[in-house]
Each structure stands twice: as structure tokens, then as C-alpha cells.
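What follows is a short report on a single structure.
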Amino acid sequence: MQLRCAASPKANKMQRLAPADASVLDDNWRRRRAPYVNATLIGSALMVFGIVGAQILSLGLTARPHLSLAVSEPVATSFSRPDIIDRNGRLLATDVEAPSLFADPAIVIDRDEVVEKLLTVLPDLNASELRAALSDKVRRFVWVRRGLSPAVAQRIHNLGLPGLAFRKELRRAYPGGALAGHVLGTVNVDNKGTSGIEKYIDDAIGVDPVNSATLSTQAPVRLSLDIGVQHALEDELDTAVRRYSSQGAAGLVLDIKTGEIVASASLPRIDPARAPNLSDSSTTDKISGGTYELGSVFKTLTVAMALDAGFAKPSSIYDVREPLVAGRHTIRDAHGIGRPLTMSEIFTHSSNVGAGMLALQAGPDRTRAFLKKLGLLDVMKTEAGAVPAPQLPSRWERAELITVSYGHGIAVAPLQFAAAAASILNGGVSVKPTLLKYQPGTNARASRLVTRETSAGVASMMRLNVMESDGTGKRADVPGFRVGGKTGTAELAEGGRYNKSAVLSSFLGAFPMDDPQYLTFILLFEPKGSEETNGQRTASTNAAPVTARVIGRIAGQLGVVPVSTVATQ
Amino acid sequence: MRLTNIAAFCFAVASAFLLYSLNYETRRLEAQIQAQERESQKAKSDIAVLKAERSHLSRPERIDPLARSQGMMPPRADQLVPDNVAASAKPDAAPLRRLAESE
């Protein structure tokens, strides 16, 4: 433009002045205006950023009810647990998803309405506690009830109450109901084991903490229990409690070669799905949760000691006609035969005097050493925890030696006693009771406790006690299964004194006695005499026939073949 | 030069299109994976519940009275024979004969 204009300088001079002046003016104006423009631009940018910043700040500071759960709220962690199965793979415990109900007090509109309507579906809800929790508007998360059934959750959902919502959580389910409840134990509301095998799983196997309903990928825990045997045992104990009007009952089936607990029951039962009532002592596990003076079943150990020490044979004769005197006490037999007895007869007639004589002959050191060897003086442990420590005499003198020989003055847990008896009957090697299925090769630490001859001798005396017409255990016989056993009737100790009206009647059984494989131990607490027992409440009239019924039902399941059938084929 | 520009422009457009389609495809696949994972989770949960229900239905406490009502009972000693005897025993021909006669 300027190049073209240069062709006529005159005109150009005229023309050029005006635009040049204008441009100078323009530049000046621009120069003057520039700071204002810049300031305005920067100001508006700052303002925009300021508004955004203020908005962020206000959003951060003020809580909006419609925003989802605040991050700082403690969201409960629960645990996913492996399944528990019996020795044959049948399910005893598993995790299932269950809805859990929670409330957000900040968006609950009418808390009284919420509480009232919830009570129509959950009548056992603690209304005042929930009302108090819902009043606290600062809290954003309040558990109302965890582990609901889908049907109940649907009914609550149908109430249409704002501020209530569900979370899926894992919940322990026990398909067998109360079956083997004492063995399985319990879990708490976070699905963490609190007792029994459930606690063992937490301690030894491990559970996975989860924030949602994620099922465990761990291999199931295989127990030594057999559901079929367990049911038969519990069923027969139920019948026994009714038939003999007992206050309780307990039973154990033990594989004496491997130490596996095939069944263990204690009545009254506990339901693993419900929290146990700790103040109720009647629901204690009577097999491994309490110690008792077991009475004459202890004579099994006394004769084993005599045989093993070699100072007596089954045919050795003892004069049991005179009572034994120990300080202020006189020990005599309730039903004396009136003639000297062989050791075998001492066992089958359950002579207290005879057992006392055997213990006196052995002496305190040998008796203590023998009981120590059998593990009866120490605390025993199983997977389900420690068994209560045995209560032992404070000194071992004549009176204590005599009473211990027939199972008084010494209180042990039935499981601990059964383990000692199993170690004698299985050929004489130590055996440790276990609730887990036996893996071959894991019982390597077994040591010999008594000789094979002792073991066979005790087994044959137990068999005689059931076979002979005057044996105390004759009602325990099951044709074909070669049952052997020993009765025990002990007065129950209450507050340091014996209660003559309450007895603990028990039967230690084993089968098949030609090569003992299984041990049974049945205990009836405070049975009453009935017409069937001729008013008697001794073990020979109640615990022995219960043993027969139990063995009749379980022997086939355990694969024990009856010998009479073999003989007739 | 112009051709190069056009080619570059086309390439850019094609790349953008490809990128976007890949992005969308990835998102679609992610959503699909999530849906399948949810489905698998649901199936696992259902299996757990069904397993528990099956065990509940087959619990001995329930089966025992049902079996007894059908005339069954725990085996007696004379009903059991050892394996070697059972293996060599001749089968009872009577039921087969009855079956043959009925036909």
C-alpha cells in the first residue's frame, strides 16, 4: 500500500499526514489502554478461577446428604472361611451370601417410623438402642441387623423406608443344624471363629479378610467325623435321655488305631449358628469341656497296670472278702461274691476291693508313673483347644491309691480317659485324639506304652465282661460284633461332697475285640431308675444297653464285618 | 506438498477414528468382562447356597425318619458278609425268574 502511494509524493505528503497522525494517535491510545486491558483480562481470569476454587472449597467443606457413603466411615471387614466337610466329604459348614441391613442416620427422615416398622419384621430388635443410633446425624453408617435371610430382607425392602440399605456379607451356614455342634464351635458376627474347629481354622489354617461377599478359595477342612455315625450316636443318646430321664448325656466314638474322633456328642446340644449361652453350664461339651470322676471304668487302667508290671495275671487270685481300710474310710464291695476272685473276675464283677488291692500292690510310684505314661496327669490338647486339666489327688497315699484304682478322687475329661484306654487297646502304642482326618504317615511319633500281651489281656477281659452271664457289661453285647467293655457308676461330686442321689453312669466299649478297632464311651448324667431297669441306675442297666444300640447302628457304617455271619458262610 | 498434507490429514483422521473405536471397543470389552465376572460371582454364590441346601436336605436327621417310614432300618449282623464271600456268592436267581415269567 505504501509502495504504491510513493509514486506521487505531493499527494502523498498530504495523504500521508492524516493516516500517520491517526496512527500515532491510535498507538498512543492503545499504549494508554493496554494496562487496563491486561488488568481486566487477568482480573476476569482470576475471578473465574476464584469462583471455581470457592465452589470446590464449599463442596469439600459441606457434606451433601445425597452423596454416597463418606470414605472415612468404617466399613466392616468380615472373613471368608473354608468349608468344613466330614471324613466322607459331606458338608458340615459353609459360607453363604446373606444381606445385612444398615441405616444412614443422615437420610433417615422419621426415625420413629423406621423403628416401628422395622419392629414388625424384626420383633427382637432393640428399639431404644436403634433409636439412639439413628438420632446421631453425624454417623453415616449404623448396622441394624447382620446376616438376614433373603425372605426377611425382601420384607424390609418392601417397607420402603428411606435411609435403610443392604450390604451383601458372608454368613456361616451349618446345613446339619445342631449336628456335631460342640465339635464345630461357633463364629462371631464378623464370621471369625470363636470356639471349636471354627477357632482352629482361624488359628491354624487362616481366614481371608474381605470387604464384600467373596467366597473363600481355600480347600475344605476335612474332619475325622462321620456324619452318619455322629447322627446315630446323637439319636441314641436322645432316646437314652428320654428313657432314663437323664439330665444330660455324652458319647464318643474313637478310632483307636489312628486317634480319629469319628463321632463326639454332648447333650443338651448347642446350635453352632447361634451364639452359645455361656452362663448355661448344662451345654458344656461333656466330652472335652469338663472333668468328671468316672468311676469303675478306671479299673480298665488298673488291671492294665497290673498286667504290664507283671505282678498279676488274669488268673491271679485275690481275697476280696475283707473290706479295705484307709484312715477313716472303709472300702467294701456293694455286692460281694463271698469268695476270693481272680483278677479277671475282679474286672467282670467290678470289685472295688480287688482294684484297690491291685493298686496297693503296684504302689504309689508305679501307679503315678503308669497314669503319667498314659497322659492322664498332663493337660491334653486337641484341635478344638485344650481339654480341662485333670484334677488329681494332692498326695498319693494309701487312701488315694485305693480310690484312684476305681476312678474316684481323680477327675479327668472323658476324651482324655478314652485316649488312655485307646492306647491300651490298640496294641499298646500311644494315640493322640484328633478331629482331623488321618493322613497316613503323620502318626510317626507314636511310642509304646504297654506290651502287646497287656493289650490283648485287657481286651479279652473286656470281652469276657460282656460275654459272661454275670458280667456287668452283658447288656452291651451285639451279636456278631464282638463287643467288649467296662461299666462305671460314680456318684457326682457337688460342692466338694458326693451327691448320693445323682450318679454318672458310663460304659467304655470297644469292638471288634479280636482286633479292637473302635472305642465307644457313653456317659449318662443323673439317670433315674425305671421299670425297664428295675429301678436301678447303674451303668450295667442303662449305659451298657445304650452302647449296644449305638454299636448295632454304627458297626456296619464303619465297615466292621460281623463274625457270626462269616462263621455261617 | 499439498498431496502430502492431504495424506497426513487423512491419516490423522483415520488414526483418530481408529483410536476412538479402539477406545470404545476396550470399554465395551471391559464392561463385558465386568458383567461376566458379576455373573460368575452370582453363579458361585448360587452354587454355595445350593450346596448348603442339598446338604441340609440330605442331613441324616431328615433322612433317618424318611428311610424308616419306607421300611428301612440299620443293618443287622446277619445282613452283612465280608467282601470275599459276597464276591463268590451266587446271585439269587428268583427275582430274575419272576421277571422272565411276568414277561
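All values below were derived from every heavy atom in this structure, side-chain atoms included, with hydrogens, water molecules and symmetry-related copies excluded. What you see is a predicted model; the values in this text were computed from it and never measured.
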So for [X], is it side chain, backbone, both, or neither that comes closer than 4.5 Å to the heavy atoms of chain B?
{"X": "A/Ala213", "result": "backbone"}
{"X": "A/Arg90", "result": "side chain"}
{"X": "A/Asp235", "result": "side chain"}

- prompt: With chain A, which of B/Leu57, B/Ile63, B/Asp64 has the greatest number of heavy-atom pairs at distances under 4.5 Å?
  reply: B/Asp64

query: Top residue by heavy-atom pair count (under 4.5 Å) with chain A, among B/Glu61, B/His56, B/Arg59?
result: B/His56

message: Main chain of A/Asn191, side chain of A/Arg81: is a donor-acceptor contact present, judged purely on distance under 3.5 Å?
response: yes

task: Give a yes or no on whether a salt bridge exists between B/Arg28 and B/Glu25, defined as a side-chain N under 4.0 angstrom from a carboxylate O.
output: yes

task: Considering only heavy atoms and a distance below 4.5 Å, find which of A/Thr94, A/Thr214, A/Leu215 pairs most often with chain B.
output: A/Leu215

message: Please tell me whether A/Glu169 and A/Ser100 have a donor and an acceptor in their side chains that are separated by less than 3.5 angstrom.
response: yes

query: If you measure only the distance, is there a donor-acceptor pair under 3.5 Å linking the side chains of A/Gln230 and A/Glu234?
result: yes

task: Classify the angle between the aromatic ring planes of A/Phe481 and A/Phe511 as parallel (below 30°), tilted (30 to 60°) or perpendicular (above 60°).
output: perpendicular

